[in-house]
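Each remark here refers to the structure printed beneath this line.
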Amino acid sequence: MNVGEEMKKEETVILVVDDDKEIREGIRIYLTQDEYQVLEASNGEEALKVIKEQEVHLIIMDIMMPGLDGIQATRSIRKTNNVPILMLSAKNEDIDKISGLQVGADDYLTKPFSPMELLARVKSMLRRYFTLGEFDKVASEGILELNGLRLDTHAKTMVVDEREVSLTKTEFKIVELLMSHPGRVFSIDDIYESVWEEPSFNSDNTVSVHIRKIREKIESNPKQPKYLKVVWGIGYKMEK
């Protein structure tokens, strides 16, 4: 699919994750009436299994679930997948919204909600995903492009403003993680656990050293970075 083309509704797969069967059924009815394909999962563990087995184009994820909750599931999904995620919560509390967005959710909806509002959010998120290049970027032949950066995930090469840059294996993984999710802020723990693939423990200095080295290679002025930005008190991001 080329940028600017929108996938047909009947080809679009939406995963609904909620431990309340009635809520899942209600959302499924709304979406299937609008011709979307719908898959269901009752918790985070089931959602992760579904995503591994088939392609999903949008996830509607409840926050409060037994076992692996929506926050934990979203954090896990974001390590490898940029699929849009709409978070649901029965609480109208800022802490839920902030937690969901910080781990990588794209939008937030508080229960109870109207079918029209749900469908409007779904359509808007899918439109951005398909027509603004996020879907094609993920599905392309291993090429990530952002502003003046170009990363070839197959050849393991990086070009910055037409200048080839040599990255270590770890530096490449960090850049790939951040470029795959432009604008999203990753905490130091998120970066460490995704790149080193082990629990983060006193990893601040390790990650910070690698970030500094990456900036020295890709930024014309590392003290005033254009690409790799810090969000004080939260983490790092690649500027959109």
Side-chain angles (χ1 to χ4, degrees), residues 7 11-28 30-32 36-91 95-109 111 118 121-122 125-126 128-130 134-135 137-139 142 144 153 173-174 176-201 203 235:
M7 181 174 284
E11 298 174 348
T12 303
V13 180
I14 299 176
L15 174 62
V16 180
V17 189
D18 199 303
D19 61 317
D20 189 318
K21 185 177 180 180
E22 291 185 2
I23 291 176
R24 292 201 311 271
E25 177 70 11
I27 294 176
R28 185 186 66 78
Y30 303 151
L31 295 175
T32 53
Y36 294 108
Q37 290 188 44
V38 178
L39 303 175
E40 297 181 31
S42 61
N43 55 53
E45 289 94 339
E46 289 184 12
L48 296 181
K49 289 179 181 178
V50 171
I51 294 169
K52 284 183 179 180
E53 293 172 357
Q54 62 187 99
E55 185 175 31
V56 172
H57 303 113
L58 185 141
I59 301 173
I60 299 175
M61 177 86 72
D62 186 36
I63 290 182
M64 299 299 293
M65 294 183 291
L68 196 71
D69 64 23
I71 299 295
Q72 295 169 320
T74 297
R75 182 182 290 114
S76 180
I77 291 167
R78 280 293 178 255
K79 292 179 180 180
T80 58
N81 199 314
N82 202 32
V83 62
I85 299 177
L86 174 63
M87 299 292 277
L88 302 180
S89 175
K91 301 176 182 178
I95 188 63
D96 280 341
K97 181 176 181 179
I98 292 170
S99 298
L101 296 176
Q102 282 186 341
V103 298
D106 297 275
D107 205 350
Y108 183 90
L109 195 56
K111 302 174 185 176
L118 174 68
R121 299 286 185 96
V122 166
M125 293 171 69
L126 287 172
R128 291 197 301 269
Y129 186 53
F130 289 138
E134 292 296 309
F135 177 77
K137 180 181 68 181
V138 173
L144 295 176
T153 62
K173 286 184 176 181
I174 293 173
E176 182 178 5
L177 174 68
L178 298 178
M179 283 187 65
S180 296
H181 307 84
R184 179 190 160 188
V185 181
F186 285 83
S187 69
I188 286 177
D189 288 343
D190 289 336
I191 294 173
Y192 188 88
E193 291 175 2
S194 296
V195 172
W196 278 265
E197 298 182 353
E198 61 184 35
S200 176
F201 182 71
S203 57

Open item on the list: Can you give me the closest heavy-atom contact between M125 and P84, atom names plus distance?
Closed with: CE-CB, 3.8 Å
Open item on the list: Within this structure, what is the CE-OG distance for the pair M64 and S89, rounded to the nearest 0.5 Å?
Closed with: 7.5 Å
- [ ] For the residue pair V38 and I27, establish whether any side-chain heavy-atom pair is separated by less than 4.5 Å.
- [x] no
TODO: Could you go through the side-chain contact (heavy atoms from CB on, under 4.5 Å) check for M87 and I71 one step at a time?
DONE: CA-CA 9 Å; M87 299 292 277; I71 299 295; 3.8 Å; yes
Task: Residue pair Y192 / S203: nearest heavy atoms and the distance that separates them - done: CD1-CB, 3.4 Å
TODO: Identify the heavy atoms of D69 and I63 that sit nearest to each other, and give their distance.
DONE: CB-O, 3.2 Å
Task: For the student: nearest non-hydrogen atoms of D189 and S200, plus distance - done: OD1-OG, 2.6 Å
- [ ] Take atom CD of E22 as the centre, draw a 6.0 Å sphere, and report whether it contains more than 12 heavy atoms from other residues, nucleotides or ligands.
- [x] no
TODO: For the residue pair L15 and V83, establish whether any side-chain heavy-atom pair is separated by less than 4.5 Å.
DONE: no
Open item on the list: So that I can tick it off, tell me whether E25 and R28 are bridged by a salt bridge, with the cut-off set at under 4.0 angstrom between side-chain N and carboxylate O.
Closed with: yes
Task: Gap between atom CG of L88 and atom CD1 of I23 - 0.5 Å precision - done: 8.0 Å
Task: E193 side, atom CD; S187 side, atom OG - distance, nearest 0.5 Å - done: 7.5 Å
Task: For V17 against G44, the heavy-atom pair lying closest together - done: CG1-N, 4.4 Å
- [ ] Kindly say whether E176 contributes a backbone atom to a donor-acceptor pair with the side chain of S180 at under 3.5 angstrom?
- [x] yes
Task: Nearest-0.5 Å distance, NZ of residue K173 to CD of residue E197 - done: 5.5 Å
Task: Check against side-chain contact (heavy atoms from CB on, under 4.5 Å), R75 and D190 - done: CA-CA 8 Å; R75 182 182 290 114; D190 289 336; 3.9 Å; yes
Open item on the list: Salt bridge or not between R78 and D106? Use side-chain N to carboxylate O under 4.0 Å.
Closed with: yes
Task: Sub-4.5 Å side-chain heavy-atom contact between D20 and D62 - done: no
Task: Distance, nearest 0.5 Å, that separates CG of N81 from CD1 of I51 - done: 6.0 Å
Open item on the list: Under 4.0 Å between a side-chain nitrogen and a carboxylate oxygen: does that hold for D18 and K111?
Closed with: yes
- [ ] Looking only at non-hydrogen atoms, find the nearest pair between M65 and G70 and report the distance.
- [x] CE-N, 3.6 Å
Task: N43 vs D19 side-chain heavy atoms within contact, under 4.5 Å - done: no
Open item on the list: Go through it in stages, so that I can follow the logic: the residues are V13 and E55, the test is side-chain contact (heavy atoms from CB on, under 4.5 Å), and I'd like the CA-CA distance, side-chain angles, deciding distance and then a yes or no.
Closed with: CA-CA 7 Å; V13 180; E55 185 175 31; over 6 Å; no
TODO: Please answer whether the main-chain N or O of A105 pairs with a side-chain N or O of R184 as donor and acceptor at a distance below 3.5 Å.
DONE: no
TODO: Would you check if V122 and Y30 make a side-chain contact, meaning some heavy-atom pair closer than 4.5 Å?
DONE: no
Task: Positive for side chain to side chain contact (heavy atoms under 4.5 Å, CB included) with V16, one of L39, L31, I59 - done: L31
Task: Non-hydrogen side-chain atoms of L58 and T12 separated by less than 4.5 Å - done: no
- [ ] Drop me the distance from E40's CD to I60's CD1, to the nearest 0.5 angstrom.
- [x] 10.5 Å
